[in-house]
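Only one structure is covered here, and it is reproduced in the block below.
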Amino acid sequence: AGTTAQNLGITVNGAQTSVSSGNLNIRRVNEATSLANYGVNGGAVAQGSFKITNRAGVLGIVSVGSSTKTIGDVIDAINAQSGLNVTAKLNETGDGIAIVDNSSGTGSLLIEESGGKTATDLRLAGTGVIGVDGKPVINGRQQLSISVAATDTLDTLTTKINGLGGNVRAAVVNSGSQVNPFRLSISSTTTGAANQVVIDDSSLNLGFNKLVRGQDAVLKVGGNSPSAFFLTSRTNTFASPVTGIDVTIKNESSTIADVSTVLDTDKISSAIESFVNGYNKYVDQAADLTTFDAAANRRGVLQGEGVVVRVQQRFTSLFTRQFGSSTDGVRGLADVGVTLGTNGKLRFDSSVLDTKLQDSPDAVSKFFSDTSTGIGKQLSNTLDEFNDENKGTLTQAAKAYERSSDTLSARIDQLSAQLEVKRNQLTVRWSQLESTLSGFSTQQSALTSLSSYVSSLSK
């Protein structure tokens, strides 16, 4: 009495022993599908914007930001474009978004990027095609289709499938059989149950066999059944199933694995020691640049510069300060083994840190990482005071030196130009003097000859 058989594609009235429905288009995408793994190759959809131009030439810009979490959010954002007159919805094949152009015009429905790759990740970038209702539509399907010709071989089928650029890869493999050993292998490039490959070869009857089914890794947390819970992952890695611990599954097992943790203080000590050594190198360099060598009567290039003194005074004050409240377990660097020596350098006693980490790990964490009173935040603010690219103290000093250098360079160029003019003038005068002297020499020779002639006449 209903249409169930018709909906399933198995309505038949004839002399036959079987009927095939064909592809039932199982829905794999819905409004709640996360954008975190909807992108190409199972990755996240990139945040950004894309442009939709309807066939009437009206343009709309759709933004996909941090608050856009699901396919439903994207559909809502597209449908909210006032005046664009397009409709976004789940496509009829259940594997993506379809955008239908309801406007009138002679142009084309066009979706293009606006500086990113958001539309590409959503599989919506491109030009619309006319649908069965006569309206342009862009269908962002996950399904990839190829046409198989009678002349195709396994190699040409492999080329066609891989040329689609989707989440599957094809290859020709040798099964080792004595007869017809070559087979077409198709596998997913992404893992997990949601990314398993579904192949519909229509009536070709290529005889595909499923060798491995895409599955999610399952982790049971807790040995007590009433309180235990299960987690799934499309990879073998679970992020923080227990606070502070990431788990990567290596092998399948039905037995309980007990995990114990030990606080690793070596990395923390290494980080603090690296900071101490870096600051001490600065102290040595500052001393070298501001010193005066009495024996050689030579001054350092930064001797007398107040900015160097201000930097060291600012950090010295920071290193000896007390942070937080009187109830905090760690209030200063000395509480974690970092003290200031008489020479202005820092010293670090890792044993003090180890003891404090064992006794009050939360207090140590708060001292370093609190976003308002933590030493890390204070150091960052202090460094910004000196290094900010616009108004930092050291930046301003460097710019002042640069301006002085530019002024001196300009003056040198000016004096060099004046000297060049003077040199040219002197060169011309010298040339003129040389010419005059040459004339005098010629006249001297003539006079000498004349004198000899007169003398001969007198005789």
Side-chain angles (χ1 to χ4, degrees), residues 243-244 262-294 298-402:
T243 303
V262 177
L263 185 64
D264 182 6
T265 62
D266 291 341
K267 290 184 179 179
I268 303 174
S269 296
S270 296
I272 295 177
E273 190 169 0
S274 177
F275 165 74
V276 169
N277 291 337
Y279 179 77
N280 290 342
K281 287 180 180 178
Y282 160 76
V283 173
D284 289 336
Q285 187 176 30
D288 181 63
L289 293 174
T290 57
T291 190
F292 177 75
D293 188 347
R298 183 179 62 195
R299 55 175 294 203
V301 294
L302 293 179
Q303 187 191 26
E305 287 294 333
V307 65
V308 181
V309 178
R310 288 198 300 274
V311 169
Q312 196 155 355
Q313 287 177 341
R314 184 74 173 83
F315 278 103
T316 298
S317 172
L318 193 62
F319 297 152
T320 56
R321 267 184 59 188
Q322 294 288 300
F323 299 91
S325 65
S326 57
T327 59
D328 290 333
V330 178
R331 300 192 60 199
L333 282 173
D335 295 333
V336 292
V338 180
T339 55
L340 192 66
T342 55
N343 56 358
K345 291 185 176 182
L346 294 175
R347 293 177 298 196
F348 175 49
D349 185 350
S350 60
S351 63
V352 176
L353 174 66
D354 291 344
T355 301
K356 188 61 70 172
L357 282 172
Q358 296 298 329
D359 297 340
S360 308
D362 291 339
V364 175
S365 176
K366 179 181 178 182
F367 172 71
F368 281 107
S369 59
D370 189 278
T371 56
S372 58
T373 61
I375 185 68
K377 179 65 175 178
Q378 302 303 318
L379 284 170
S380 178
N381 292 341
T382 302
L383 288 171
D384 287 343
E385 291 178 15
F386 293 110
N387 293 330
D388 183 83
E389 62 180 0
N390 296 316
K391 54 184 179 181
T393 304
L394 290 175
T395 304
Q396 294 299 324
K399 289 181 177 179
Y401 282 125
E402 188 175 357

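Sequential numbering from 1 along the given sequence is applied to the chain's residues.
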Within the side chain of Arg331, is there an N or O that forms a donor-acceptor pair under 3.5 Å with the backbone of Phe323? yes
Point to revise | Any side-chain heavy-atom pair of Thr382 and Arg314 under 4.5 Å | key: yes
So do Val352 and Val336 actually touch side chain to side chain, heavy atoms under 4.5 Å? no
Looking only at heavy atoms, the pair that brings Pro361 and Asp359 closest together is CD-C, 3.6 Å
Given the options Val364, Leu353, Val330, Asp335 meets side-chain contact (heavy atoms from CB on, under 4.5 Å) only with Val330
Under the side chain to side chain contact (heavy atoms under 4.5 Å, CB included) rule, what do Asn277 and Phe348 come out as? Steps first, then yes or no, please.
-> CA-CA 9 Å; Asn277 291 337; Phe348 175 49; over 6 Å; no
Checklist entry - Can you tell if the side chain of Leu318 reaches within under 4.5 Å of the side chain of Arg321, non-hydrogen atoms only? => result yes
Look only at the side chain of Ser269 and the backbone of Thr265, and say whether a donor-acceptor pair between them is shorter than 3.5 Å. yes
So NZ of Lys356 and CD1 of Ile268: to nearest 0.5 Å the spacing works out to 14.0 Å
ask   = Do Lys366 and Asp328 sit within salt-bridge range, that is, some charged N less than 4.0 Å from a carboxylate O?
value = yes
Item checked: Any donor-acceptor N/O pair, Ser380 side chain to Gly376 backbone, under 3.5 Å -> no
* Asked: In terms of heavy-atom contacts, does CD of Gln322 have more than 12 from other residues, nucleotides or ligands at under 6.0 Å?
  -> yes
d(Asp349 CG, Thr339 OG1) to nearest 0.5 Å is 8.0 Å
Scanning both residues in full, the closest heavy-atom pair of Arg310 with Phe386 reads O-CZ, 4.0 Å
| Main-chain N/O of Gln313 paired with Ser317 side-chain donor or acceptor, under 3.5 Å | no
*Counting N and O atoms only, with roles assigned by atom type, does the side chain of Asn280 sit under 3.5 Å from a partner on the main chain of Leu346, one being a donor and the other an acceptor?*
yes
Rounded to the nearest 0.5 angstrom, the OG-CG distance for Ser365 and Leu357 is 9.5 Å
Problem - Aromatic plane relationship, Phe319 with Tyr279 - under 30° parallel, 30 to 60° tilted, over 60° perpendicular - result: perpendicular
Tightest non-hydrogen contact, residues Val283 and Lys345, listed as CG1-CG, 4.0 Å
- Taking the side chain from Asp284 and the backbone from Lys281, do they hold a donor-acceptor pair closer than 3.5 Å? no
Query raised in the report: Between Thr355 (side chain) and Ser351 (backbone), is there a donor-acceptor pair under 3.5 Å?
Result: yes
Hey, mind stepping through Leu379 and Phe368 against side chain to side chain contact (heavy atoms under 4.5 Å, CB included) and telling me if it holds?
CA-CA 10 Å; Leu379 284 170; Phe368 281 107; over 6 Å; no
